[in-house]
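Contents: one structure, followed by commentary.
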Amino acid sequence: MICLPCDFYLGPAPEIARALLGMRLVRIIDGTRLSGRILETEAYSGEEDAACHARFGLTKRNAVMYGPPGRAYIYFTYGMHWCLNTVTGAEGSPAAVLVRAILPLEGLETISANRKGVPERNWTDGPAKLCKALEIDGSLYAAILCSDGSPLRIEQDAEIPDENIEITPRIGIQYAPEPWLSMPWRYRVIRLKGLQNEH
DNA sequence: ATCTAGATGACCT
DNA sequence: GGTCATCTAGATG
């Protein structure tokens, strides 16, 4: 399998969010592959985006968003959850795409163990759930996603036609004022037999 | 099926 | 001190 090139992540965050649907998120642990197909994403774009973690300017937490595209922005929230983003856009312009759901494809035994007690359809249908399933945490902050040797990377995989994509406002940003609250920057795969992960 | 409350700590004006 | 790009268990219809 071949990694997406670093310049894949160079464009506007909403475009990258759309383009990431169907791609394969790969996590290597002790030489073993855990992976899943990306089914849901959200774009966060620039200091002007009142829902973006860069809205207060450069901080220690969001610093990687200001760097070159194609790296992992991973943050800790609600006291217990890790979430994964891909940094997008040119160096100096903070933007990222949150990976919200995947369809597990490789390393199912490990994923199952990491999500013990949880029904299979709920293993990776949320941004913190997929991080738990693939063992993604702060130790992978700023990991390079566009390098074949990386422990965390994204590979070319399936093409998802527009008919199978739903576009909606972003989730969990009720604090944000308009127009950001209603910006249609959430992308989700729907109606694809075998690709769907949510009831 | 849908709702609610509580966890728990880093980060922010 | 308040907020948070969330998840889970438990209660209820």
Side-chain angles (χ1 to χ4, degrees), chain A residues 9 12-21 25 36 38-67 69 71-89 93-104 111-143 145 152 154 165-189 196-199:
Chain A
Y9 303 93
E15 285 183 19
I16 310 303
R18 163 64 180 89
L20 278 172
L21 294 180
L25 177 64
I38 296 175
L39 295 184
E40 184 179 336
T41 57
E42 280 177 358
Y44 292 86
S45 186
E47 294 180 347
E48 65 276 14
D49 175 4
C52 180
H53 283 172
R55 64 188 180 278
F56 299 126
L58 174 66
T59 66
K60 187 178 179 192
R61 178 171 74 156
N62 67 25
V64 72
M65 295 177 75
Y66 287 78
R71 309 180 74 141
Y73 167 43
I74 296 169
Y75 68 89
F76 185 69
T77 192
Y78 292 105
M80 62 189 86
H81 299 304
W82 294 100
C83 295
L84 167 70
N85 297 253
T86 71
V87 174
T88 66
S93 60
V97 172
L98 173 69
V99 181
R100 293 191 55 90
I102 63 173
L103 172 71
I111 290 173
S112 168
N114 289 341
R115 302 290 290 135
K116 197 165 159 186
V118 176
E120 182 166 355
R121 83 179 151 282
N122 297 322
W123 281 353
T124 55
D125 63 340
K129 295 182 193 179
L130 70 90
C131 283
K132 185 117 197 288
L134 297 194
E135 302 178 32
I136 295 167
D137 62 22
S139 67
L140 290 165
Y141 185 88
L145 300 171
L152 184 63
I154 299 177
I165 294 178
E166 174 186 55
I167 303 176
T168 76
R170 295 170 289 182
I171 300 293
I173 56 160
Q174 301 314 309
Y175 61 88
E178 298 291 359
W180 311 107
L181 178 59
S182 301
M183 211 62 95
W185 284 354
R186 175 175 179 239
Y187 300 80
R188 194 163 83 100
V189 176
Q196 208 164 335
N197 198 26
E198 293 178 325
H199 38 61

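Protein chains get the first letters and strands the later ones, always in sequence-line order, with residue 1 at the start of each.
Summarising the geometry, the separation between CE on A:M80 and P on C:dC4 is reported as 16 Å, rounded to the nearest angstrom. Taking atom CG on A:N85 and atom P on C:dT6, their separation rounds to 11 Å, with Å as the unit. A straight line from CH2 of A:W123 to P of C:dT8 spans 14 Å, rounded to a whole angstrom. Note: CD1 (A:I171) to P (C:dT6) measures 8 Å, nearest angstrom. The interatomic distance linking A:M65 (CE) with C:dA5 (C1') rounds to 10 Å, in whole Å. Taking atom CD of residue A:E47 and atom C1' of nucleotide B:dC12, one finds them 15 Å apart after rounding to whole Å. Distance A:D125 CG to C:dT6 C1': 12 Å, rounded to the nearest Å. Here the C1' atom of nucleotide C:dA5 and the CZ atom of A:F56 are 13 Å apart, to the nearest Å.
Between A:H81 and C:dC7 there is no side-chain N or O to OP1 or OP2 distance below 4.0 Å. An OP1 or OP2 oxygen of B:dC12 is reached within less than 4.0 angstrom by a side-chain nitrogen or oxygen of A:T59. The phosphate of C:dA5 (OP1 or OP2) has a side-chain N or O of A:Y175 nearer than 4.0 angstrom. Under 4.0 angstrom from either OP1 or OP2 of C:dT6 there lies at least one side-chain N or O belonging to A:R100.
A stacking contact between A:Y78 and B:dG9 is absent: the pair does not combine a ring-centre distance of less than 5.5 Å to the base's six-membered ring with planes differing by less than 30°.
Aromatic ring orientation, A:W180 versus A:W185: tilted (interplanar angle from 30° to 60°).
For the atom pair A:Y75 OH and A:L84 CG, the distance stands at 9.5 Å (nearest 0.5 Å).
If you find the closest nucleotide of DNA chain C to A:R115 and to A:G172, the one lying nearer the 5' end belongs to A:G172.
For A:R55 (side chain) and A:C52 (main-chain N/O), a donor-acceptor pair under 3.5 Å exists by modelled atom type. At distances below 3.5 Å, at least one donor-acceptor pair connects side-chain atoms of A:Y66 with backbone N or O atoms of A:L58.
The pairing partner recorded for B:dA1 is C:dT12, the criterion being a Watson-Crick or G-U wobble arrangement whose two distances lie under 3.5 angstrom.
The residue A:A128 sits close only to the backbone: its heavy atoms come under 4.0 Å of sugar-phosphate atoms, none of a base. Within the 4.0 angstrom heavy-atom criterion, only backbone atoms of the sugar-phosphate kind lie near A:K129; the bases stay farther away. When heavy atoms are screened at a 4.0 angstrom cut-off, A:R170 is found touching no nucleic acid atom at all.
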Using the rule given for salt bridge (charged side-chain N to carboxylate O under 4.0 Å, His left out), can you reason through A:R121 versus A:D125, listing the C-alpha separation, both sets of side-chain angles and the distance that settles it, and then say yes or no? CA-CA 7 Å; A:R121 83 179 151 282; A:D125 63 340; over 6 Å; no

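The side chain of A:I173 approaches C:dA5 more closely than any other nucleotide in the set C:dC4, C:dA5, B:dT13.
Put simply, the side chain of A:Y75 and the base of B:dA10 share no donor and acceptor less than 3.5 Å apart.
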